[in-house]
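All of these numbers come straight from a predicted model, not from anything done at the bench. In what follows, chains are A, B, ... by sequence order, proteins preceding strands, each numbered from 1.
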Amino acid sequence: MISFGMTEEQELVRDAMRDFAAEVLRPVARECDETESISEDLLQSIWELGLTSTQLPAEFGGGGEPRSSVTNAILLEELAHGDAALAAAAVSPSLFANAIADFGSQAQKERYLPHFCGEKFYPASLAVVEPGPMTEPLKPRTVAERKGEEWVLSGSKSSVVLGDQAHHFLVLARNDDQVDAFIVDRDAEGVTVSEQELTMGMKGLPMVGLELERVHVSAGDRLGEEAGCDVAQILNGTRIGQAAVMLGLSRAVLEFCVPYSKDRVAFDEPISKKQSIAFRLAEMHIHVEALRNLVWQAASFLEHGEDATRVSRFARTYANEHGLWIADNGIQVLGGHGFIREHPVEMWFRHARTLSVLEGTVAV
Amino acid sequence: MISFGMTEEQELVRDAMRDFAAEVLRPVARECDETESISEDLLQSIWELGLTSTQLPAEFGGGGEPRSSVTNAILLEELAHGDAALAAAAVSPSLFANAIADFGSQAQKERYLPHFCGEKFYPASLAVVEPGPMTEPLKPRTVAERKGEEWVLSGSKSSVVLGDQAHHFLVLARNDDQVDAFIVDRDAEGVTVSEQELTMGMKGLPMVGLELERVHVSAGDRLGEEAGCDVAQILNGTRIGQAAVMLGLSRAVLEFCVPYSKDRVAFDEPISKKQSIAFRLAEMHIHVEALRNLVWQAASFLEHGEDATRVSRFARTYANEHGLWIADNGIQVLGGHGFIREHPVEMWFRHARTLSVLEGTVAV
Amino acid sequence: MIDFTPTENDLAAFEHARAGALICRKYARYYDEHEEEMAPETLPETDEFYANHPEIPPPGAGDTSMLTRMARISMISYWGDYTVRLRRESGGLGNAALEAAGTPEQKKKWTGLCLSMAITEPGCGSDPSRVSTTAVLDEETDEWIINGEKIFVTTGIRADAVVLWATLDKSAGRGGIKSFLIEKGTPGFDVPHKEKKLGIRADDTAAYVFRDCRIPRANLLGGDESVARKDSGGFRGVMKTFNMTRPLTAAMGLGLAEASLDFTREQLEAAGIELDYMAGFGTQIAAAERFMRLEALFEASKLTTMQACWLAGEGKPNNMESSVSKAHAGGAVRAITQGCIEILGAMGVSRENLLEKWTRDCRITDIYEGTGEIQRLIIARGLLDYTRADLK
Amino acid sequence: MIDFTPTENDLAAFEHARAGALICRKYARYYDEHEEEMAPETLPETDEFYANHPEIPPPGAGDTSMLTRMARISMISYWGDYTVRLRRESGGLGNAALEAAGTPEQKKKWTGLCLSMAITEPGCGSDPSRVSTTAVLDEETDEWIINGEKIFVTTGIRADAVVLWATLDKSAGRGGIKSFLIEKGTPGFDVPHKEKKLGIRADDTAAYVFRDCRIPRANLLGGDESVARKDSGGFRGVMKTFNMTRPLTAAMGLGLAEASLDFTREQLEAAGIELDYMAGFGTQIAAAERFMRLEALFEASKLTTMQACWLAGEGKPNNMESSVSKAHAGGAVRAITQGCIEILGAMGVSRENLLEKWTRDCRITDIYEGTGEIQRLIIARGLLDYTRADLK
């Protein structure tokens, strides 16, 4: 049944996240950006929302609630409305934990999931992006070679979120034409974690690079073990997640520009009374609304186990095209004030550009 | 020396063509479009402007004036300001004649050029486009096979302008990786000229398809004979020509919309006083001015024998991107009136879309 | 709940519409090239079609709601053709207005007729408050006397009667505008010509002229009461209609855009071009990437249109969403058809294919029922909490 | 004649600029990351550079004209970096205003100083007629008393003095605005801080505060006469300056866009992606086609900017063309840097490369010296033959 109505529960989640984003995330966003860090306290207080653990199976200590990609998209929009970088940080352990929950063998679930159900923030991450121009998430250059009972991984990854503190990485690697995900411990021999990468935006979400020099992992560390996993489905989750974050960011821009343009007087009236401004706000709204529908559709397909490949691409493509436009025009609406770091729009401009090119950094 | 000033002679040409376009072309454009034809009388009266013959060498009966691609770009802009289809028809014999003048052997020049220096309109055309999706002008599927002293041509062409009456065709064909142009007489065995093609716009410029079934031409009919020719340079001339026509068309849209929007009252004032309209007119003007510079640059490179490949692509790419936008927005400025065939903007919309996808139909 | 998966019953309804649309498409080119003819009320295939394709039951409790489904079915029907229908809906835009604002007596009398709606005048465009057609009450005969000209009257030739916008008092602006029911054949009501257009050529868009045309007092839509209740008069009645018609207008254009995408996809596939939806940005052949962007744009517009209808079905306010869907679709169909032509090249502008026709037909989407600019005004006012006077 | 081929002499000048720019680029990242520091007046390499790179003779009769060449040289210099220079120009925007509107005495006294220009106020943005900083003449002491705040003062820290816009009479709007020359260190003239910005961080954009700041009567730019001649006063003087500065501002942004394209081209080539300029539409890898579109946009903007300067050099009116070049470049640099990031992916936003910095730096192009919206207003007024009152 095609329907656009949130459940009551989803409305509650939305409201709670909206409040949290406004009260906790937005006030510290600028500081996190300028210091290029996120405090342990903040990560812990986000952790206590239970974003990761609530939807993990009860048998491993989770809340046992059925995972809803749609609900996750809703909450990501709200968190990203507070700040895109902190939103991504907030749900980053899910990048790893949900892949294990979805595709892990029983042994893998038993081993890893309980970590994500504890009281303390437990970082772990996904490694998709590789250095060099252009990104082909499903065609990694990192290789996994089977040697007897082991896999040997070699390659480089970049943009691994919270990789400075992650305990485990889920690394996409290629064995001939087959792409798999491998669980790699931070301390495994041959793994080098780089200094924090310096980026244009999303600086409250520390990222690192990984060098994998003939890293040996056991056959049991291939996600899903002998069954393998559906890497495309994992990537669809991240494409939707990034689109949801772009959605929240875009709405933040619009909602900042509306009152600003009503207050700001030029040529004897509020600039909001100029069609060049008013129509631009309308255009932002049009694309925010449309993007939300695309995100919801893709999340719904993913949630129901339908093939979400096309719809995820649509959400991500649209999010980039219009999210970048909206963030750019947020600056233009503010004019000179958009260019200085007193207002958040310049930060959102940097966030949007950064978010648009990083794959695998946030998921629903 | 980088300079943007027309010579006095160019200004004279511009003014003369502007008048001709306004007095002769624009008044009949709608009728030519609705009847999908161009009258012999009109072709003859255009012929008498000497657009083709003036710049052909005196030894073959031409005016002997040095050919100036820049001047041709200027005159095409003006003619297309009258009507894009009729502008293309006006200079169509040059597609063939100038290629002969530039790359033909002495024998070829002696044989063909005098036809274009007579008092009567002499149609001949270039065959670039092929049926099927997407166009790769420099990678034709039509093949030319060398058999002893002959070439055997096989393939299909479409969008051959004035092909219903052309005496000769210059056909692009491939021999392995080598692309050449071949002079094919209309009456050659194996040549089938289709019924007039029915198109969306540019209907005052009748076009046909060609079927070439093992058409034998002599070795002397390869353009340039043993020396061959620079097909890329011929195509650059057409890319610039099409950009120049798009430029004239775009300016026509703008110049129609300006007075219209000042006259048209809605919500108690001329719509031109709305920023949504006024800024759109400004945007049209910005792109018209920029496109003219690109066209002039490419024509100037071509004229001076410099490599015009990149700059021609820039002109054509920009012409399509912004010409299509301008023609589309011409309709929007007129609203409902833009949709009816009383005003020319709907015709220009069709012209622009048609022009944007046809290669080799007009040249500087 | 948020869900995007149609039920079996929904799918059957969509398939039904598509099968019918395919038949209509066979006639699409003919009636475009023969604009002087009217597309027939029913096609030769119509009876056989309905005999072989039993009616699909209306949505049940678990199905997609009626209006949401209707949005999708409209897209699919127009995917076949803009004008040709298996069986023409008997009503026009005026019927919706009658439904929304008519008195019980009026509904009883006029519902069976095809009613066009005449708003636009040569000088008024998207600004209905500038209506200058006048209605003057002749107290002696209890008749309205109508004078004025109307253009762009959709279904204007086929309609049996018209819902006409006229002003009782020009100085009252918007407040003075009322709607009147007028039958064809009434003395003083002329239909001088069918408009010649860029697209939707088979559609009978007409011009109407009224010269001292007299109609009974009872033909004021909504009855005399509508004159008394100043701020809930005819204008608002029609605006209410627009809340339903805007997304459906969007859906009509989107059907043509979807047809364009389907045609282009087939051609790309035939040419051996793969569409890899997992590929990274920039790594595929440009035509494929461009095409996927157009698909994303379509999908966004499709969902947004269905959402506006879904809200209406839920009885929720959808004024903003209606305008969003209309503005979005208006821009999307322009971009999609242009993009498909650019991708396909010369075959995109050939009249041997329908893509060039869809391009012309759907260009109306951003114009009628309020241009994209009018929709953006409505949206901006909503965002800024501005009145009509605050933002013009 | 219409010609686009630089002469040998032109090329030597461009090469000279490029060699210098390459040195500046080495410092670009450092001063971006250390915004609290000021980029130095000269670099360690400066003297050696000028020793090894003899000055290029000014344009001769057959060369590209001075102003046209200057546009291209600006692009090339900014291609190195937005802020770091081999040797800083001693002047600021205020020097151009002095040159355009100063009296001979003023020119003599102030030309040697670096003059910033202070127009924008916290509440006035792109609307200089809303200037609320006041200048009141104290007839007794023959001094002007200045009060108000200014923001976004380019070279505001480095400047020795400022050309300040202030109003003599708010009720006179634009007509009441005059420019004043004020030296740093004058009591009542404070420079509270350097602005923290998205980009051009090393550039010393400052805020100024004036509190009962007294300056000699003779510091009114253009002298007392400028008060008398109402309609050719300070405002027009500065607008005249803008006619020269708009295309040069465009050129500065375009230099950064060109740097972005050059970097992206290198990366594509290194990745083995061929750019085929003869290829048909849609047939290449998407990144290549996208890239060529960005190149075309750059080229269009480059030529348009040079044309505006060429007109100035010919002594021809260039008001429209100046705005066209500024509006075009403002949009082009936004699109080009965004496109390059999208093409390159993660490396595009990494601070290991300069692309992300160029993206931030050039974002100012569409904002200062009149936003893109202001330029479009000017262009639309020109097209429609409208006054400022006709189109707001």
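When heavy atoms are compared at a cutoff of 4.5 Å, B/Leu291 does not approach chain D at all. With a 4.5 angstrom heavy-atom cutoff, B/Glu306 touches chain D only via side-chain atoms. Of the two parts of D/Met320, only the side chain, counted from C-beta on, holds a non-hydrogen atom closer than 4.5 Å to a non-hydrogen atom of chain B. Contacts between B/Thr317 and chain D at a heavy-atom distance below 4.5 Å involve the side chain alone, from C-beta outward. Residue contact with chain D, scored on non-hydrogen atoms closer than 4.5 Å, involves the side chain of B/Glu283 exclusively. When heavy atoms are compared at a cutoff of 4.5 Å, D/Asp63 approaches chain B solely by way of its backbone atoms N, CA, C and O. For a residue to count as touching a neighbouring chain, one of its non-hydrogen atoms must lie under 4.5 Å from one of that chain's; by this rule D/Lys316 does not touch chain B. Of the two parts of B/Val258, the backbone and the side chain both hold a non-hydrogen atom closer than 4.5 Å to a non-hydrogen atom of chain D. Interface residue B/Ser261: only side-chain heavy atoms are found under 4.5 Å from chain D. Contacts between B/Arg316 and chain D at a heavy-atom distance below 4.5 Å are absent for every atom of the residue. Contact annotation for B/Leu254: only side-chain heavy atoms (C-beta onward) come within less than 4.5 Å of a heavy atom of chain D. With a 4.5 Å cut-off on non-hydrogen atoms, D/Leu391 touches chain B through its side chain but not through its backbone. For D/Gln284, the part sitting under 4.5 Å from any heavy atom of chain B is the side chain, from C-beta outward, and nothing else. Heavy atoms closer than 4.5 Å to chain D are found in both the backbone and the side chain of B/Met6. Only the side chain of B/Gln10 comes within less than 4.5 Å of a heavy atom of chain D; its backbone N, CA, C and O stay farther away. Of the two parts of D/Thr7, the backbone and the side chain both hold a non-hydrogen atom closer than 4.5 Å to a non-hydrogen atom of chain B. With a 4.5 Å cut-off on non-hydrogen atoms, D/Glu373 touches chain B through its backbone and its side chain both. Using a 4.5 Å cut-off between heavy atoms, B/Gln275 touches chain D through its side chain atoms alone. In this structure, no portion of B/Pro259 lies under 4.5 Å from any heavy atom of chain D.
Of all residues in residues 270-282 of chain D, those placing a non-hydrogen atom less than 4.5 angstrom from a non-hydrogen atom of chain B are D/Asp276, D/Tyr277, D/Met278, D/Ala279, D/Gly280, D/Phe281, D/Gly282. Residues of residues 290-298 of chain D lying within less than 4.5 angstrom of chain B, judged on heavy atoms, are D/Met292, D/Arg293, D/Glu295, D/Ala296, D/Leu297 in numerical order.
By the 4.5 Å heavy-atom criterion applied to side chains, B/Asn293 and D/Lys302 are not counted as neighbours. Between B/Lys262 and D/Tyr386, the closest side-chain pair of non-hydrogen atoms falls below 4.5 Å.
Closest of all the heavy-atom pairs between B/Ala290 and D/Ala300 is CB-CB, 4.0 Å. Between B/Ile74 and D/Ile2, the closest heavy-atom pair is CD1-CD1, 3.8 Å.
Here B/Ile286 contributes atom CD1 and D/Gln375 contributes atom CD; the two are 8.5 Å apart, rounded to the nearest 0.5 Å. Separation of atoms CZ (B/Phe301) and CG (D/Asp3) is listed at 9.0 Å; rounding is to 0.5 Å. Taking CD1 of D/Ile379 as the start and NE2 of B/His285 as the end, the distance is 6.5 Å to the nearest 0.5 Å.
Options D/Thr68, D/Leu384, D/Thr304 differ in how many heavy-atom pairs under 4.5 Å they form with chain B, and the most are formed by D/Leu384. Each of B/Met134, B/Glu269, B/His322, B/Lys273 has some count of heavy-atom pairs under 4.5 Å with chain D, and the biggest count is that of B/Lys273. Contact tally against chain D (heavy-atom pairs below 4.5 Å) for B/Met284, B/Glu321, B/Glu255, B/Lys139: the top residue is B/Glu321. Contacts with chain B were tallied for D/Arg69, D/Glu299, D/Met306, D/Gln307; D/Gln307 has the most, counting heavy-atom pairs under 4.5 Å.
Using a 30° and 60° split on the angle between ring planes, B/Phe4 and D/Trp310 fall in the tilted class, from 30° to 60°.
In terms of modelled atom types and a separation under 3.5 Å, the side chain of B/Ser3 and the main chain of D/Met1 share a donor-acceptor contact.
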